[in-house]
Amino acid sequence: MLQVHFIRENKQMVLDGLAKRNFANAETIVDQVLTADENRRKTQVFLDEALAESNKLSKEIGNFFKSGEKQKATLLKEKSGQLKEKSKEMAVSLQAFSDELQRLLYQIPNVPHASVKAGNSEADNEEIYKEGSIPVLGENAIPHWELAKKYDIIDFELGTKIAGAGFPVYKGKGARLQRALINYFLDKNTKAGYTEIQVPHLVNEASGIGTGQLPDKEGQMYHVGEDDLYLIPTAEVPITNIFRGNLVQESDFPITYTGYTPCFRREAGSYGSHVRGLNRLHQFDKVEIVRVEHPENSYQALNGMVEHIKDILRELKLPYKILRLCGGDTGFTAAITFDFEVFSTAQDRWLEISSASNFENFQANRLKLRFKNKEGKSELAHTLNGSSLALPRVLAAILENYQTEDGIQIPEVLIPYCGFDVIN
RNA sequence: AGAGAGGUGGCCGAGUGGUCGAAGGCGCACGCCUGGAAAGUGUGUAUACGGCAACGUAUCGAGGGUUCGAAUCCCUUCCUCUCUGCCA
């Protein structure tokens with residue numbers, strides 16, 4: 001959520017930013033925000049004056065009672081009663097303006113970073129980096145869902161039986177490879193200074209609002225009605241919400257966490273051939289990195305996250321590229337997002353396996369995550385996160401790119417974690 | 001799930017109708033002391049909104065109510081803890 005005073009003072013900049021996202025009716029909604037804000041402030045001034053008068057009267061009444069001047073007190077009581085009626089009305093309209101303001105603010109996405117280009121869809125994303133060579137596969141190379149069947153390492157039908165489509169069952173070496181990847185990623189992140197953490201896989205409504213999944217995007221999450229909890233779509237939600245409402249010390253920065261969790265996504269509305277196999281699932285595993293940073297350092301931190309993810313992909317020897325998402329493709333809460341895509345050779349497709357974002361103070365404003373700055377004032381912190389990495393597509397790329405006539409070779413760096421070097 | 005206790009500032013913790021935005025402690029900041037530090041000692045130190053400011057208003061889990069006046073009394077609700085039950 002953007003801060004009202006920021007919008008008030010940087011209206012044109014906000015409009016320009018929203019234009020890069022192709023955000024509809026930006027000017028209308030921004031004007032509505034400014035109107036609601038002005039009404040709210042005006043009403044508050046009136047209300048404050050009425051309440052100040054009322055407080056003054058109460059004190060006088062108290063004094064009259066003490067000194068035994070009951071008649072004077074009774075007179076003032078009447079006046080006070082009338083004042084109360086009036087202030088109640090004003091309080092109601094103040095609340096209405098505040099609610100309206102809040103409702104509007106929730107609808108406005110983050111202002112993109114200056115380097116983010118305008119654009120409508122993924123077609124407008126900019127490729128900014130590419131590394132690794134695409135392997136040349138044999139004539140009999142097959143996509144990962146066929147490999148999964150051939151070597152009996154992932155059973156999609158079995159998952160459908162016990163849960164539904166998009167809930168695969170990993171078996172034998174397939175399961176072990178999953179576990180190896182999780183451990184490898186966590187070790188890698190821990191070595192880079194991130195503190196490993198295990199968090200709940202269900203979150204309450206306040207957490208969903210804190211990181212921006214709620215309101216409006218309920219449909220993307222599984223909801224447990226009985227207890228009003230949501231299954232997490234990413235570890236970002238519980239990890240970032242650790243800091244909801246917190247006032248941290250400046251010396252606590254940088255705050256860095258990594259955690260493995262399963263992720264649950266309803267993926268309502270996505271279907272078709274591109275969701276085959278591991279490409280898009282309702283439940284998948286992911287290792288996440290989250291940072292809470294001083295505003296001055298957040299872009300340096302983002303850069304560090306990008307370099308860190310590069311390093312992982314280099315070790316896995318997977319060909320990858322990095323995209324800077326255009327305005328229209330950047331998530332609601334992010335100011336900038338870098339997507340990492342690996343090449344899944346047998347499918348002849350790039351698959352998104354990580355996305356690293358700086359939310360600046362957009363989430364922090366919802367979370368009320370602040371720190372004391374040098375002047376002793378509290379200031380919103382910056383939050384960032386990135387995947388390191390999402391497992392299914394990494395697995396898909398490994399299976400496809402490392403396939404040989406004799407089986408699937410295991411990337412060298414994973415062999416110690418797997419305990420085997422080939423799936424055959 | 002049943003019974004009980006409780007939710008107060010960055011943290012701990014007093015406070016049962018006006019003198020309470022709130023004692024005391026810890027922490028933190030600045031000063032004194034010291035060769036330097038620790039200890040000791042003095043002062044300061046909640047947040048949000050509005051206002052150039054003086055200042056005003058609100059906030060003691062949340063929402064309602066009683067009252068001229070509520071941290072304090074009443075109702076509703078959420079959460080936490082303890083015991084019992086169930087269970088990995």
Side-chain angles (χ1 to χ4, degrees), chain A residues 1-9 33-105 198 200-210 214 223-230 238 241-253 255 262 292 294 361 364-381:
Chain A
M1 179 166 73
L2 297 175
Q3 298 180 99
V4 199
H5 73 257
F6 179 83
I7 299 177
R8 209 190 299 152
E9 285 156 28
V33 163
L34 296 178
T35 307
D37 178 46
E38 208 182 315
N39 287 335
R40 195 202 93 243
R41 282 184 294 154
K42 268 190 204 154
T43 311
Q44 190 180 338
V45 170
F46 285 131
L47 176 61
D48 283 358
E49 280 167 2
L51 291 174
E53 178 69 17
S54 177
N55 287 343
K56 216 174 93 190
L57 285 178
S58 288
K59 278 204 179 109
E60 286 174 23
I61 292 167
N63 288 335
F64 282 137
F65 271 124
K66 263 179 215 160
S67 59
E69 296 170 90
K70 289 226 167 90
Q71 281 190 325
K72 283 185 178 175
T74 314
L75 217 68
L76 286 187
K77 266 166 103 165
E78 217 166 286
K79 206 170 154 194
S80 173
Q82 290 166 4
L83 206 53
K84 200 185 173 184
E85 293 286 310
K86 215 169 95 189
S87 59
K88 231 177 196 173
E89 276 170 38
M90 284 190 282
V92 168
S93 72
L94 178 65
Q95 190 61 49
F97 286 129
S98 300
D99 290 348
E100 167 79 353
L101 183 61
Q102 181 79 313
R103 190 183 65 76
L104 291 165
L105 285 173
Q198 293 196 9
H201 298 167
L202 282 85
V203 294
N204 56 27
E205 188 188 20
S207 293
I209 290 172
L214 299 173
H223 182 235
V224 183
E226 185 80 15
D227 296 294
D228 197 17
L229 294 170
Y230 296 86
N241 270 284
I242 288 172
F243 301 98
R244 173 155 44 86
N246 281 17
L247 184 63
V248 302
Q249 297 299 316
E250 202 168 355
S251 56
D252 293 337
F253 294 131
I255 296 169
V292 181
H294 192 288
N361 65 21
N365 191 31
R366 288 187 171 206
L367 293 161
K368 296 290 167 264
L369 162 50
R370 296 156 304 166
F371 67 97
K372 285 261 189 213
N373 66 20
K374 289 193 178 63
E375 289 84 51
K377 299 261 185 195
S378 52
E379 190 180 335
L380 294 172

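A, B, ... follow the sequence lines: proteins, then strands. Residue 1 opens every chain.
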| task | Considering just the side-chain nitrogens and oxygens of A/Ser87, establish if one lies under 4.0 Å of OP1 or OP2 belonging to B/rU57. | result | no

| message | B/rU57, OP1 or OP2 - any side-chain N/O from A/Arg41 closer than 4.0 Å? | response | no

| request: Please tell me if the side chains of A/Leu214 and A/Tyr230 come closer than 4.5 Å, counting only heavy atoms from C-beta onward. | output: yes

| message | Let me spell it out: for each of A/Arg8 and A/Asn55, pick the nucleotide of RNA chain B with the closest heavy atom. Which residue's pick is nearer the 5' end? | response | A/Arg8

| Rounding to a whole Å, what distance do you find between A/Met1:CE and B/rA48:P? | 14 Å

| Within this structure, what is the CD-to-P distance between A/Glu205 and B/rC79, rounded to whole angstrom? | 12 Å

| remark: Note: for A/Glu53 and A/Gln44 on RNA chain B, the residue whose nearest nucleotide lies more 5' is A/Gln44

| Considering only heavy atoms, which members of residues 89-102 of chain A lie under 4.0 Å from some atom of RNA chain B? | none

| said: Side-chain N or O of A/Arg40 versus OP1/OP2 of B/rG50: is the shortest distance under 4.0 Å? | reply: yes

| said: Under a 3.5 Å cutoff, is there a donor and acceptor pairing between the side chains of A/Ser58 and A/Asn55? | reply: no

Give me, pair by pair, the N or O atoms of the protein and of nucleotides 66-70 of chain B that are less than 3.5 Å apart, along with how far apart they are.
from   : atom 1 : to      : atom 2 : distance (Å)
B/rC68 : O2'    : A/Ser58 : OG     : 3.2
B/rC68 : O2'    : A/Ser80 : OG     : 2.8
B/rG69 : O4'    : A/Ser58 : OG     : 3.4

| Going by an N to O cut-off under 4.0 Å, is there a salt bridge joining A/Lys88 and A/Glu85? | no

